[in-house]
S.K.: 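Take a look at this one; I'll ask things after.
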Number of protein chains: 2
Amino acid sequence: MTTPRWEPRRLSAVAVELPEGVTPPGTRGRILLSALRLFAEYGFHGTSIRDLAGATGINSATLYAHFPAKEHVLAELVLLGHAELHQRLQQALVEAPPGPAAQLAALVRAQVGAHADFPLLALVANAELHALSPERAAPALALREQSRELGLRVLRLGVAQGVFRVADPLLAATAIGSMGMQVAHWFGPDQPYTRDQVADTYAGFALQLAGAVVAAPEPAPKTARTSGTTPVKKG
Amino acid sequence: MTTPRWEPRRLSAVAVELPEGVTPPGTRGRILLSALRLFAEYGFHGTSIRDLAGATGINSATLYAHFPAKEHVLAELVLLGHAELHQRLQQALVEAPPGPAAQLAALVRAQVGAHADFPLLALVANAELHALSPERAAPALALREQSRELGLRVLRLGVAQGVFRVADPLLAATAIGSMGMQVAHWFGPDQPYTRDQVADTYAGFALQLAGAVVAAPEPAPKTARTSGTTPVKKG
DNA sequence: GTCTATATCTTGATAGAC
DNA sequence: GTCTATCAAGATATAGAC
């Protein structure tokens with residue numbers, strides 16, 4: 001592939017950018033940004049060294065002055081994406097009000113926010129990780145596992161405290177994580193939502209999915225007359 | 001790539017198979033099954049014609065007696081995957097008890113079931129669709145849109161009938177669909193769940209996410225004493 | 001339908017001048 | 001750091017015998 005084979009369809013049109021402060025200066029940073037766009041659109045194996053160099057405005061040989069191999073470009077993006085998400089999740093937990101409900105909401109807001117702010121990075125980090133050798137994928141996988149456990153811990157704590165009522169915390173954590181992950185695939189400036197609207201709505205979804213008890217610490221009455229668990233805003 | 005570069009990591013170990021009655025007889029069918037495994041594991045661009053032929057046990061030239069190009073192999077798998085899902089969703093709606101809640105549960109069970117029964121096919125159909133030219137991706141995209149609308153209609157109907165209480169039906173449908181879609185990435189025989197357990201649990205998640213009112217047609221009492229909406233089984 | 005053999009092009013990566 | 005030039009291997013696909 002030298003000229004695009006067809007118009008991009010894998011993504012909404014979104015800005016090609018990396019989180020603040022992590023783009024290396026100079027040519028190295030420009031290579032990463034080109035790779036971010038091309039890997040997201042065509043995949044790692046669907047992008048050639050020459051595509052990458054051409055998009056960056058340099059000769060293909062110049063790439064090797066900045067990265068020892070094509071795979072290392074991907075490895076850097078994948079690690080960067082997982083690190084950004086994990087950092088945001090940790091930060092969200094630190095800043096969240098106490099209690100599993102507020103913490104779960106904060107985690108989901110942070111996850112959705114990360115995937116909405118940097119959909120290209122999230123897509124590359126998740127969908128192209130498999131193209132890395134195990135050694136170079138390992139650091140990202142470790143971060144992913146840690147991120148996963150943040151959510152699982154909050155869910156289990158909430159169940160133990162009677163704040164959540166969920167059939168299976170592990171499956172619930174998986175389902176909630178899946179919701180947020182997919183945001184990278186469809187969110188963009190063409191959508192009729194802001195990133196905060198999506199993040200807040202998804203946080204509400206997560207609480208409902210987890211059967212969060214809204215305001216009643218005392219046990220529910222024996223008669224099974226129940227209702228929705230969170231305020232609704234109609235859509 | 002001729003010999004595997006490293007052990008597969010993109011998937012759990014799952015059987016390589018297509019839905020009943022859709023595998024063509026003879027070599028053509030064997031090619032499709034090889035492609036199913038290789039495209040799922042390494043991606044379309046990560047799999048060469050020779051890989052495909054080698055895995056099938058034929059010469060690379062023989063492939064062209066069955067498919068005019070590599071892309072057509074992928075196109076068939078992608079369409080097949082989308083068709084299978086759409087057919088199952090329609091069937092689920094037909095067989096479901098009346099009412100949006102039962103219908104939503106049936107749709108989610110069908111979606112999760114499809115992704116758990118044929119994770120390789122679901123993964124290829126979703127994750128490799130972008131490698132197709134627009135003309136050959138179009139039929140699958142049309143099916144996907146129809147499947148999406150099945151869920152959206154049920155959700156909107158449920159909201160209109162007061163059975164669901166959801167902030168935004170479109171986002172809810174997206175979130176629910178995302179949950180089920182990801183199942184293909186992690187479910188397998190190594191998991192401590194059966195496909196039905198996952199399907200049923202996810203159906204419950206969807207109902208809770210949608211704020212399904214369980215059994216009370218009469219309005220809830222004014223005091224905001226609410227509780228979970230479905231039985232729990234502790235996990 | 002299947003093979004051997006091959007054409008043609010693209011790939012990732014390197015050598016060496018500036 | 002960046003370039004021109006190039007290598008060796010791998011890519012998709014075809015020709016033609018059996």
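Here is the naming used below: chain letters follow the sequence lines, and residue numbers restart at 1 for every chain. Bear in mind the structure is a predicted one, so any value in this text is a computation, not a measurement.
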S.K.: Do the side-chain N or O atoms of A:T27 get closer than 4.0 angstrom to the phosphate oxygens (OP1, OP2) of D:dT2?
M.R.: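 Affirmative; the distance criterion is met.
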S.K.: Output the rounded distance in Å from OH (B:Y42) to P (D:dA11).
M.R.: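 My rounded result for the distance is 13 Å.
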S.K.: What class does the angle between the rings of B:W186 and B:Y193 fall in, given that below 30° is parallel, 30 to 60° is tilted and above 60° is perpendicular?
M.R.: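 Aromatic pair B:W186/B:Y193 classed perpendicular.
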S.K.: May I ask you to say whether B:E149 pairs ionically with B:R156, meaning some side-chain N is under 4.0 Å from a carboxylate O?
M.R.: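 No, this pair does not count.
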S.K.: At under 4.0 Å, does any side-chain N or O of A:T62 touch on OP1 or OP2 of D:dG1?
M.R.: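 No, no such contact exists.
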S.K.: Can you check whether A:H66 has a side-chain N or O nearer than 4.0 Å to OP1 or OP2 of D:dT2?
M.R.: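 True: A:H66 side-chain N/O within range (under 4.0 Å) of D:dT2 OP1/OP2.
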S.K.: So, does B:H72 use its side chain to make a donor-acceptor pair with the main chain of B:P68 at under 3.5 Å?
M.R.: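 Between the backbone of B:P68 and the side chain of B:H72 there is no qualifying donor-acceptor contact (under 3.5 Å).
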S.K.: Atom CG of A:L52 and atom C1' of C:dG12: how far apart are they, to the nearest Å?
M.R.: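 About 12 Å, once rounded to whole Å.
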S.K.: Strictly distance-based, threshold 3.5 Å: is any side-chain N or O of B:Q103 a donor or acceptor partner for the main-chain N or O of B:L93?
M.R.: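 Checking the backbone N and O of B:L93 against the side chain of B:Q103, no donor-acceptor pair under 3.5 Å is found.
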S.K.: Of the options D:dG1, C:dT11, D:dA13, whose atoms approach the side-chain atoms of A:A65 most closely?
M.R.: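 The answer is D:dG1.
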S.K.: Can we say B:E135 and A:R5 salt-bridge, meaning some charged N sits less than 4.0 Å from an Asp/Glu carboxylate O?
M.R.: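 Salt bridge: no.
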S.K.: Side chain of A:A61 only, please: which of D:dA13, D:dA5, D:dT2 is the nearest?
M.R.: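 Nearest to the side-chain atoms of A:A61, counting from C-beta on, is D:dA5.
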S.K.: In whole angstrom, give the distance that lies between atom NZ of A:K70 and atom C1' of C:dT14.
M.R.: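 Rounding to the nearest Å, NZ of A:K70 and C1' of C:dT14 are 17 Å apart.
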S.K.: Contact class for A:I58 vs. all strands (heavy atom < 4.0 Å): base, sugar-phosphate, or nothing?
M.R.: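 The residue A:I58 makes sugar-phosphate contact but no base contact.
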S.K.: Specify the separation, in whole Å, of atom CG of B:L38 and atom P of D:dA11.
M.R.: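 That distance rounds to 12 Å.
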S.K.: Rounding to a whole Å, what distance do you find between A:R50:CZ and C:dC9:P?
M.R.: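 Atom CZ in A:R50 sits about 14 Å away from atom P in C:dC9.
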S.K.: Which whole-number value in Å describes the distance from B:I49 CD1 to C:dT11 C1'?
M.R.: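 Going from B:I49 (CD1) to C:dT11 (C1'), I get 16 Å.
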S.K.: Among the nucleotides D:dA13, C:dT14, D:dT6, which one has an atom lying closest to any side-chain atom of A:Y64?
M.R.: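 Nucleotide nearest to A:Y64's side chain: C:dT14.
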S.K.: Between D:dA11, C:dG12, D:dT4, which one does the side chain of A:S48 approach most closely?
M.R.: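 So the nucleotide nearest the side chain must be C:dG12.
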S.K.: From the set D:dT4, C:dT2, C:dA13, return the single nucleotide nearest to any side-chain atom of A:N59.
M.R.: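 In terms of side-chain proximity for A:N59, the closest of D:dT4, C:dT2, C:dA13 is D:dT4.
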S.K.: Round to a whole Å and report the spacing from CG of B:L63 to P of D:dA11.
M.R.: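 Between P of D:dA11 and CG of B:L63: 13 Å.
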S.K.: At under 4.0 Å between heavy atoms, what does A:T56 touch on the DNA or RNA strands: base, sugar-phosphate, or nothing?
M.R.: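 No contact.
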S.K.: When the distance from CZ of A:F67 to P of C:dT14 is rounded to whole Å, what number comes out?
M.R.: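 Rounding to the nearest Å, CZ of A:F67 and P of C:dT14 are 15 Å apart.
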